[in-house]
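Atoms within each ligand, like the ligands themselves, are counted from 1 in listed order. The structure displayed is predicted, hence computed values, not measured ones. All values below were derived from every heavy atom in this structure, side-chain atoms included, with hydrogens, water molecules and symmetry-related copies excluded.
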Amino acid sequence: QYGLEKPQGYNVSFHYNAHVEYHHFGSSHPMKPWRLTLTKQLVLAYGLEYTMDCYEPRPANFNELAVFHDREYLSFLSQVTPQNAKPDDPAYLAFGFGGESNDCPVFDGLWNYVSIYSGASINAANNLNNKQSDIAINWSGGLHHAKKNLASGFCYINDIVLAIQLLLTNNPRVLYIDIDVHHGDGVEAAFESTDRVFTLSYHKYGIDRNGYPFFPGTGNITEMGPADPTNRGKGHSLNIPIDDGIDDEQYKWLFKTVTSAVIEKYNPTAIVLQSGADSLGGDRLGRFNLNIKAHGFCVETVKSYGRPLLLIGGGGYTPRNVARTWCHETAVCVGAELHNELPTHIPYIQAFEGAENGGGILYPDLHNTKRHDNLNNQDNLHKLVTQALENLRYLEG
Ligand code: TV7
Ligand code: ZN
């Protein structure tokens with residue numbers, strides 16, 4: 001009934017340590033690890049665990065994280081607790097904790113939390129390296145803003161960078177694609193000096209009425225990696241700045257046109273897709289108007305190239321829709337079609353029921369669930385694509 005056969009015959013692995021669910025950033029903080037509980041419940045309710053190899057990865061250790069992050073930063077991160085934190089300690093602010101916005105709070109079990117999501121991305125990358133799977137999934141990862149010595153935008157450890165570093169031991173060229181509504185600045189910065197990683201990010205970019213840039217404020221089309229012509233990384237970043245309210249057809253066209261051009265020109269031997277779900281319509285922090293299947297179209301498109309694929313989570317601040325999307329995308333990976341009627345035996349089914357929660361179905365209409373006027377028109381988008389393809393000419397050498 002749920003179409004559990006795997007017609008395309010991809011080996012899919014699912015990397016998930018449920019201990020990640022027990023962590024809380026604080027009651028008012030938009031990042032809710034609870035969305036991962038909901039995702040897991042949907043994946044299990046549809047029986048998708050029988051179509052994949054499921055792993056429960058151990059947490060990453062200090063040395064594994066130190067492959068990218070500074071040891072001083074990691075020492076601080078591993079020792080700080082809500083009890084011993086000194087918000088006036090210069091190190092505290094310098095490492096990105098607390099501050100006015102409190103994007104990166106110190107909470108109980110912080111080190112445990114970061115080790116768990118990072119361990120899952122590391123485990124997933126190793127599985128691709130060993131050819132144990134064609135597609136490896138970690139919905140708990142995708143924390144693309146973290147820098148080597150700085151927590152930023154809800155991200156403390158950059159699990160994506162750690163995973164790409166592992167993939168680079170087996171691959172001459174890795175393509176990183178990011179469809180979170182926020183610019184994937186941490187991953188871009190980490191690989192700015194190499195031509196062995198190409199970063200492609202689609203995100204909201206612009207200044208709001210209140211004068212604040214949309215976080216993190218970078219990622220214009222003109223930002224293509226270092227300007228210095230002697231830097232090997234020059235031209236190996238492509239940013240696609242998008243305005244509020246983009247709809248399904250526009251986004252799908254933009255994604256397919258630009259992504260296929262990058263894949264054909266760069267010819268990556270592995271692909272990492274950060275599938276942040278805050279680009280959906282109705283997201284608490286996002287600005288776009290996408291439906292679940294348009295978001296999933298990006299996964300389908302990337303999968304169709306048949307390269308080893310690491311699929312990771314990221315943002316997503318309306319938990320029930322994050323769960324729906326990542327369940328759908330898990331199904332896309334294994335080649336299953338899911339029934340729109342949610343199975344009734346799901347724990348926490350109430351989270352999906354009632355008109356305001358999506359009416360007990362998997363694919364509610366999310367277009368305009370939160371009003372964002374569409375500020376993108378065909379003319380702007382065509383110009384954007386022209387400029388993006390122009391930027392790619394650098395790859396021709
Ligand atoms: C990958 N937006 C992460 C996205 C990170 C976005 C931001 C919040 C926020 C934080 C809270 C909170 C919030 C309702 C939303 C620049 C400022 C903003 C001046 C007052 N509620 C990902 C990070 C972003 C924390 N940060 O890409 C605790 O929203 O915009 C900012 C920073 C700082 C200065 N102020 C404006 O999706 C996972 N934070 C509630 C409690
Ligand atoms: Zn985001």
Side-chain angles (χ1 to χ4, degrees), residues 20 23-36 39 82 85 87 93 96-107 110 113-114 116-118 120-121 138-147 150-161 163 176-190 199 201-219 239-242 244 246 251 272-288 290 295 298 311-319 321-322 325-326 370 372:
V20 74
H23 297 86
H24 300 279
F25 283 61
S27 55
S28 67
H29 198 287
M31 179 56 103
K32 309 279 184 208
W34 149 255
R35 67 211 179 112
L36 300 168
T39 304
L93 288 174
F97 297 93
E100 198 201 324
S101 69
N102 207 23
D103 281 349
C104 299
V106 171
F107 56 83
L110 175 58
Y113 167 74
V114 302
I116 292 170
Y117 75 69
S118 303
S121 286
N138 170 24
W139 293 128
S140 67
L143 294 136
H144 59 176
H145 299 304
K147 313 292 184 323
L150 186 70
S152 168
F154 319 163
C155 307
Y156 304 82
I157 293 290
N158 201 317
D159 62 295
I160 307 169
V161 171
Y176 172 69
I177 308 173
D178 187 319
I179 61 170
D180 191 287
V181 76
H182 300 96
H183 174 217
D185 58 345
V187 183
E188 181 183 305
T199 61
S201 181
Y202 297 84
H203 45 264
K204 155 77 186 174
Y205 177 85
I207 313 264
D208 280 344
R209 279 189 302 268
N210 60 22
Y212 285 112
F214 191 73
F215 188 86
T218 48
N239 285 301
I240 308 297
I242 302 170
D244 288 8
I246 191 168
Y251 195 91
V272 177
L273 175 58
Q274 195 268 23
S275 190
D278 47 8
S279 38
L280 292 171
D283 186 81
R284 184 175 161 199
L285 298 190
R287 302 296 182 77
F288 294 168
L290 302 183
H295 200 276
C298 302
L311 179 60
I312 43 185
Y317 305 100
T318 302
N321 295 334
V322 178
T325 302
W326 289 348
K370 207 171 120 197
H372 291 298

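- Of the protein's heavy atoms, Y212 OH, 3.6 Å lies nearest to atom 19 (C) of ligand 1.
- For D180, the N/O/S atom at the shortest distance from the Zn ion (ligand 2) is named OD1.
- Side-chain atoms of K32 come within 3.5 Å of backbone atoms of S27 as a donor-acceptor pair (strictly under, hydrogens ignored).
- Atoms OH and CD1, from Y176 and I160 in turn, are 3.5 Å apart once rounded to the nearest 0.5 Å.
- Taking every heavy atom of Y317 and a limit of under 4.0 angstrom, the matching atoms of ligand 1 come to 1 (C), 3 (C), 4 (C), 22 (C), 37 (O), 38 (C).
- D278 and H182 share a donor-acceptor pair across their side chains, judged by distance under 3.5 Å alone.
- How far OH of Y205 is from CG of D244: 14.0 Å, rounded to the nearest 0.5 Å.
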(request) In sequence, state the C-alpha distance, the side-chain angles, and the governing distance for H203 and D178, and then conclude on side chain to side chain donor-acceptor pair (under 3.5 Å). (result) CA-CA 8 Å; H203 45 264; D178 187 319; over 6 Å; no

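- Atom numbering of ligand 1 starts at 1 in the shown order; those under 4.0 Å from a heavy atom of L285 are 2 (N), 14 (C), 15 (C), 29 (O).
- Of all atoms in ligand 1, numbered sequentially from 1 with element shown, those under 4.0 Å from a heavy atom of H144 are 1 (C), 22 (C), 27 (O).
- Ring-plane geometry between Y251 and F288 is classed as tilted, the angle between the planes lying from 30 to 60 degrees on a 0 to 90 degree scale.
- In this structure, atom 20 (C) of ligand 1 lies nearest to the protein heavy atom E100 OE2, 3.6 Å.
- The protein non-hydrogen atom at the shortest distance from atom 16 (C) of ligand 1 is F215 CD1, 4.1 Å.
- Protein heavy atom closest to atom 21 (N) of ligand 1, with residue, atom name and distance, is P30 CD, 3.5 Å.
- Within the listing of ligand 1, atoms 40 (C), 41 (C) sit less than 4.0 angstrom from a heavy atom of S28.
- Every atom of ligand 1 is numbered from 1 in the order shown, and the set under 4.0 Å from a heavy atom of N102 is 25 (C), 28 (C).
- With hydrogens and angles disregarded, no donor-acceptor distance shorter than 3.5 Å links the side chain of S121 to the backbone of A163.
- Here CG of N102 is found 11.0 Å from CZ of F25. Values are rounded to the nearest 0.5 Å.
- Residue-ligand proximity, G315 to ligand 1, at heavy-atom distances under 4.0 Å covers atoms 1 (C), 37 (O), 38 (C).
- Atom 24 (C) of ligand 1 has as its closest protein heavy atom D103 OD2, 3.5 Å.
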Name each donor-acceptor pair under 3.5 Å that joins a side chain in residues 206-213 to protein atoms two or more places apart or in another chain, with its distance.
residue: D208; atom: OD1; partner: R287; partner atom: NH1; Å: 3.2
residue: D208; atom: OD2; partner: R287; partner atom: NH2; Å: 2.6
residue: N210; atom: OD1; partner: Y212; partner atom: N; Å: 2.8

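- When each of D185, N158, D180 is paired with H145, the side chain to side chain donor-acceptor pair (under 3.5 Å) condition holds for D185 and for no other.
- Contact annotation for atom 10 (C) of ligand 1: protein present (non-hydrogen atoms, distance under 4.0 Å).
- Distances below 4.0 Å separate heavy atoms of M31 from the following atoms of ligand 1: 38 (C).
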(request) Show your reasoning for whether ring-ring contact (aromatic ring centres under 6.0 Å, His included) applies to Y117 and Y156. (result) CA-CA 11 Å; Y117 75 69; Y156 304 82; 8.0 Å; no

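- Each of the atoms 37 (O) of ligand 1 lies under 4.0 Å from some heavy atom of D278.
- A heavy-atom separation below 4.0 Å is not found between G276 and ligand 1.
- In terms of protein heavy-atom proximity, atom 18 (C) of ligand 1 is closest to S101 CB, 4.6 Å.
- Here the two rings, on Y317 and F154, have centers that are under 6.0 Å apart.
- Heavy atoms of H29 found under 4.0 angstrom from ligand 1 belong to the backbone as well as the side chain.
- With the Zn ion (ligand 2) as the vertex, atom OD2 of D278 and atom ND1 of H182 span an angle of 100° (nearest 10 degrees).
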